[in-house]
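The structure appears right after this line, and notes come after that.
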Amino acid sequence: MKPRLLTPGPTPVPEETLLDLAKPVVFHRTPEFRQALAEVLADLQYVFQTKNLVLPLTSSGTGGLEAAVANCIPPGKKAICLIAGRFGERWRGLCKAFGIEPIAVTVPYGEAVAPEQLAKALADHPDAVAVCCTLSETSTGVAHDVAAFGRLVAPTPALLLVDSISGLGAMECRTDDWHIDVNITGSQKALMLPPGLAFLSVSAKAWAAIEANTQARVFYFDLKKARAALQTSDTPYTPAHTLIMALRHSLKRIRAEGIENVWARQALHARAARAGFQAMGLKLFAARPADGLTVVRMPEGIDSTTLLGKLEKRYGLKLANGQDQLKGKIIRLAHMGYIDQFDILAALAGVELVLREMGHPVDPGVGVAAAQRVFAEAVSAAGGRS
Ligand SMILES: *Cc1c(COP(=O)(O)O)cnc(C)c1O
């Protein structure tokens, strides 16, 4: 049986990257590594669509979120947290941990925070110094209209901090055009690497706030120290340099394809996955679905924990369950990064087989056919080009 990792983090890693990771470990304070780091950070500027400095951190994605909060927001200040799921809640938890007052703007799981809700929160709290949100809320599969958030936040003194960990490289994200002050991602989602690295882009407005924040409770995650080291393409502490070297392969892939083509391909994957599940009679969980993953509700009487267990045991298909109160109620299929259209078809075929086994009526192939139709239409729309 062939295992297929189809979870929204970690995601599969391309073969050439795996081979790179199998090489002997070298020392990191060398001209070769500095050059690799400089190259990676320049290519990341392209993936982020930013002219701002991108900083690497050796941590999981949450370390990047913590660095953003701890450096940019002084203790005792207010931050508006847009909460549509677990990762929005993580922003609130981080604010509390650093003595910042979170102003929560919450919507039920499955819905997206509307720009009007942010506009009201900004009007009610003109003293808020930051707005924290997710681009893709991985716990529910919802995408936020970050471009609209940026238009609202840019004219205010507040900073826009975006957790785009499952969104960057998986859907349109224009850091500079959308006025994102700190944009954070991790290595193990659309960047096609194992976990272990976080990256943040920091705008001039955010650097001004960081420099003015004399009470920042930071040591390892001190972004000023990281910026100073980067002047010589170095890092303050030992970086996960084998991952940084390996990241060159993913970034070359993205550059070769072109970021807008990557976004279009991811959007196509998302459309196909949605069509496939809906043709099986399953309902989408997200009112405003993201492109990097698709989340669907289980039909009456089907427990997703049982379904996912069978999918993995019988067919090697590893999809994700819901978290906390959504456990057993939804399934989450990732289609970002190195997951291709045939992985999506495999996942849909497996879900059909297991649903039938569990007594839910599904005609074999209905979901697969609906997804195939979406792929086929994209081929004809392109007019057989390339
Ligand atoms: C995966 C993910 C995280 C990340 O976390 P880790 O610290 O790398 O486990 C945070 N936010 C979002 C939206 C994610 O999808």
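Counting starts at 1 for both ligands and their atoms, in listed order.
When only non-hydrogen protein atoms are considered, atom 3 (C) of ligand 1 lies nearest to F87 CE2, 3.5 Å.
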Show me the donor-acceptor pairs within less than 3.5 Å that the side chains of residues 30-38 make with the rest of the protein, sequence neighbours left out.
residue: T30; atom: OG1; partner: F33; partner atom: N; Å: 3.1
residue: R34; atom: NH1; partner: T232; partner atom: O; Å: 3.1
residue: R34; atom: NH2; partner: D234; partner atom: OD2; Å: 3.4

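Looking at heavy atoms from C-beta onward, L230 lies in side-chain contact with P56 at the 4.5 angstrom threshold.
Q117 contributes no side-chain N or O that, together with a main-chain N or O of V105, makes up a donor-acceptor pair within less than 3.5 Å.
Of the listed options L65, T62, T11, T62 places a heavy atom closest to atom 5 (O) of ligand 1. When I165, T7, T134 are ranked by how near their heavy atoms come to atom 10 (C) of ligand 1, first place goes to I165. Among E66, R86, K189, R90, the residue whose heavy atom sits closest to atom 14 (C) of ligand 1 is K189.
Close approach of ligand 1 to G61 is summarised as follows: ligand atoms under 4.0 Å from at least one heavy atom of the residue are 6 (P), 7 (O), 8 (O). Residue T138 approaches ligand 1 through these ligand atoms, each under 4.0 Å from one of its heavy atoms: 12 (C), 13 (C), 14 (C), 15 (O). Near S136, with a cut-off below 4.0 Å to any heavy atom, the atoms of ligand 1 are 13 (C). Each of the following atoms of ligand 1 lies closer than 4.0 Å to a heavy atom of S166: 15 (O). The atoms of ligand 1 that sit less than 4.0 Å from any heavy atom of S60 are 6 (P), 7 (O), 8 (O).
Not a single heavy atom of E137 lies less than 4.0 angstrom from ligand 1. The shortest heavy-atom distance from D163 to ligand 1 is under 4.0 Å.
In terms of heavy atoms, N52 sits closest to T50 at N-OG1, 2.9 Å.
Ring planes of H144 and F149: tilted class, angle from 30 to 60°.
Note: the hydrophobic cluster containing F199 also contains V69 (ILVMFWY, side chain heavy atoms under 4.5 Å, direct or indirect links).
Applying side-chain hydrogen bond (donor to acceptor under 3.5 Å, both in side chains) to S166 and the options D291, T134, T138, T11 leaves one that passes, T138.
Around NZ of K77, the count of heavy atoms belonging to other residues, nucleotides or ligands within 6.0 Å does not exceed 12.
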